Each structure stands twice: as structure tokens, then as C-alpha cells.
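Here the structure comes first, spelled out in C-alpha cells, and everything after it is commentary.
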Amino acid sequence: MFPVDTAIGKDGRMHTVSRAYVPATAQLRITMYDIDSEYFGIYGGYGERVGEFRWPTGMAADAEGNVYVSDEQNNRINIFSHEGDPIKHWGAAGTNEGQLMGPSGIAFDNEQNLVVADHLNNRIQKFSKDGTFIMSFGNSGEGDLRMPWGVCVGEDNSVYVADWANDRIAKYDSSGSFLRAFGTSGSGDGEFKNPSGVAVDGEGYIYVTDWGNERLVILDKDGNFIETLRGQATISKWADEYFEGNYEEAEPRSRSNLEPDAGQFGGDPHEESAHIEKFFWGPTSVKIDDSGRIYVTESNRHRVQIYERTR
């Protein structure tokens, strides 16, 4: 329920973390599976002990396949093995360098250091994978961030940030110097409303989950608009199995219009996505695997949509 991020781990195994409100803490977990819907189990859970989290936000896998999960309530980074066994956690709440306030998106750079979007401190911090502070940037002068959420690292070690409250993507070099920003506030081509995630492929194309506009936006390496995707989801293998065993839900669904005319919603992307099942609804992150496949985690429909580039 309410998945917020996906890490592509060892041997193509996918790890998707779900967050839930206090009355549903039993749903707070990480699910392991693969692109063929083979299920490998769950791990994690609500709490503060090793292997537990209270408000998980971002995920990343290191070169060995260990999975790192940011926890914006406990203000720390949790580490699990490829199989989901808890290893350790690190991090402490605060505003000083090396401390965290609402860590969200995380990503590894080319040197296996962990880049963390320190959401409520309006900055990016870099740590060793074991939690030793290295540097921070994004909160002094040009390129100031406002509530950064998603983060990724390009092949040249440059850092791209989904700058949530500034409605843009900010780009920094490996030393934290601001290079440029892409996008402005709005709903037009190349505009954003609270971007939540960003990923860059091997050719430099930039993919942005534009949360407030319920879409995935694709830019070229210079930040020029290329394309917008609204979503093309189909029923998964797991959903098919569920409906086969739950006639009382499958039968009314078979009579429902799951793709009504979008024109009746007055151009409101949230209303369109709430009523048109194939559309993204609450896209929270975008990731790219070694084969160039694009994974969009969408919270409100409890699923991950996967795409391949066709050109």
C-alpha cells in the first residue's frame, strides 16, 4: 500500500517500500519481486529498532546489492542485505552538517558514496556508505534548494535534484557547485508542479516524475522538453490472480468504465488520474535499470509502471 520508491537491486530483484498512516502500520514494509512478478517476500516494519522505520521515503542499492532506505521520521538511513536482513542504521536528527531533518531521496555516486536529499534542511548531503559525513550543498547562494525530494547521480557524477518547492530540476557538479536548473512552475511542456523524482539514463536523457501534474516528463541532456507520458498501465499478474479469486470485486469492475473521457474533468490532472485507471496517480519516483528500463512508482494506485525506450 502507498509505495513511494523502488530500488533495483542484485540480479534484477526489485525492492519497493510502502509507507502507511499510523492506523495501518502493518502495511509498512518492503516487498521483493522481479519484473516477471516472481515474489521473494517482505521485510522491514514499523518502529525504531534495527530493521524498522516509521516513515520510509527513498531507496537505493549499493554495488553489492545491499538496500538503503531513508526514514524521514527517525531521521536516519537503514541498511538491509539483498535478502532483506537488517544490517544497521545511521544518522541523527538536526541541522548541523552531517545531521538530517526529513531525509527523502537517496542515490549512490560513482564512488559508492550516498547522496541524500535532506528535505527539511533544504540541502543535499553526501556520506560514505557507512554514514561518515563528506559534504553538503544546495543551501547557500545560487542554486538554493527548497524542500528537495528526489535525487540521482549521472555517469559523470553530477547530481540532479527534484527541487520540490521550486518546481524545477537543479543540477550540480560532483563538488556541489550549482550548474543550472531546468523547468519553471506550471503545467505546460517542460514545466513542473512539485517534481518528486528524477533519473538520468546513459545517453543523458532526464526523466522527471511531475507529482503535481500526475505525469512523467522527459527532457534531453540540455533540459529541453521532449515528451510527456500520462501512464499506460495494464493489469498485473498479481491483480489477475486476485480478481480470479474475488468475484465480488471482479464482477462490478467488469461493468465499470475505467477509461472515461478526460474532457469531463476540466483539465484537472488529479481528477483525470483518479478516474482513468491507466494514468499515473501520485507518481513519487523514477528509476532506471542497467538495461535502460524506466520504473515509475505511483503511490495512489499502489503499483510500479515499467517502460522501455523505443528510440
Side-chain angles (χ1 to χ4, degrees), residues 2-6 16 57-59 104-105 107 117 146-152 160-171 181-201 203-236 257-289 292-311:
F2 301 106
V4 290
D5 202 2
T6 299
T16 296
T57 308
M59 303 186 77
S104 53
R146 292 176 58 215
M147 304 181 76
W149 195 258
V151 64
C152 76
Y160 296 76
V161 182
D163 195 1
W164 171 276
N166 278 328
D167 295 328
R168 66 179 188 175
I169 301 301
K171 181 180 180 181
F182 312 119
T184 57
S185 298
S187 302
D189 292 347
E191 296 177 339
F192 303 112
K193 182 179 180 182
N194 301 134
S196 55
V198 59
V200 180
D201 69 15
E203 296 181 41
Y205 289 98
I206 304 165
Y207 302 80
V208 181
T209 42
D210 188 11
W211 182 86
N213 287 315
E214 307 284 4
R215 64 189 183 182
L216 180 72
V217 177
I218 305 172
L219 311 174
D220 69 17
K221 63 181 180 180
D222 297 315
N224 300 308
F225 172 79
I226 295 179
E227 188 177 3
T228 289
L229 301 181
R230 287 300 307 275
Q232 291 290 330
T234 56
I235 294 297
S236 70
N257 181 7
L258 303 177
E259 198 170 331
D261 179 12
Q264 66 183 288
F265 304 115
D268 183 337
H270 180 78
E271 287 298 317
E272 292 170 359
S273 289
H275 291 87
I276 301 175
E277 187 180 70
K278 68 179 182 181
F279 280 5
F280 297 122
W281 191 16
T284 51
S285 86
V286 54
K287 297 291 178 65
I288 300 175
D289 69 13
R293 288 182 291 243
I294 301 147
Y295 299 72
V296 179
T297 304
E298 61 180 296
S299 184
N300 288 358
R301 281 225 166 79
H302 320 294
R303 66 189 180 191
V304 177
Q305 293 197 40
I306 305 172
Y307 292 80
E308 287 185 326
R309 275 187 54 191
T310 57
R311 59 188 176 99

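This one's a predicted model, so the numbers in the text were calculated from it and none came from an experiment.
Taking CZ of Phe279 as the start and CD of Gln305 as the end, the distance is 10.5 Å to the nearest 0.5 Å. With rounding to the nearest 0.5 Å, the separation of NZ in Lys221 from CD1 in Ile206 is 10.5 Å. Here the CD atom belonging to Glu191 is positioned 4.0 Å from the OG1 atom belonging to Thr184, to the nearest 0.5 angstrom. Distance OG/Ser273 to CZ/Arg215: 11.0 Å, rounded to 0.5 Å. For the atom pair NZ of Lys287 and OG1 of Thr6, the computed distance is 7.0 Å after rounding to the nearest 0.5 Å. Between atom CG of residue Asn213 and atom OG1 of residue Thr228 there is a gap of 8.5 Å, rounded to the nearest 0.5 Å.
Under the 4.5 Å side-chain criterion, counting only non-hydrogen atoms from C-beta, Arg309 is in contact with Glu203. Residues Ser285 and Val4 fail the side-chain proximity criterion, which asks for heavy atoms closer than 4.5 Å. Residues Arg230 and Glu214 form a side-chain contact, since some pair of their non-hydrogen atoms from C-beta on lies under 4.5 Å apart.
Closest of all the heavy-atom pairs between Trp211 and Asn194 is CB-O, 3.2 Å. Among all heavy-atom pairs drawn from Val151 and Ala117, the shortest one is CG1-N, 4.4 Å. What you find for Gly212 and Pro269 is that their closest heavy atoms are O-CG, 4.1 Å. Of all non-hydrogen atoms in Phe265 and Asp261, the two that sit nearest each other are CE1-O, 3.7 Å. Heavy atoms only, all atoms of each residue included: Thr16 and Val304 are closest at OG1-CG2, 4.0 Å. Residues Phe192 and Leu219 share a closest heavy-atom pair of CZ-CD1, 4.1 Å.
Looking at Glu227, its side chain never comes within 3.5 Å of a backbone N or O of Ile218 through a donor-acceptor pair. At distances below 3.5 Å, at least one donor-acceptor pair connects side-chain atoms of Ser104 with backbone N or O atoms of Trp149. A donor-acceptor pair under 3.5 Å is formed between the side chain of Ser196 and the backbone N or O of Thr284.
Between Tyr307 and Phe280, the ring planes are tilted. Angles from 30° to 60° get that label. A perpendicular orientation is assigned to the rings of Phe2 and His302, their planes being inclined by more than 60° (bins at 30° and 60°).
Between Asp5 and Thr297, the side chains place no donor N or O within less than 3.5 Å of an acceptor N or O (distance only, hydrogens not considered).
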*Taking it one step at a time, do Thr234 and Lys278 satisfy side-chain contact (heavy atoms from CB on, under 4.5 Å)?*
CA-CA 7 Å; Thr234 56; Lys278 68 179 182 181; over 6 Å; no

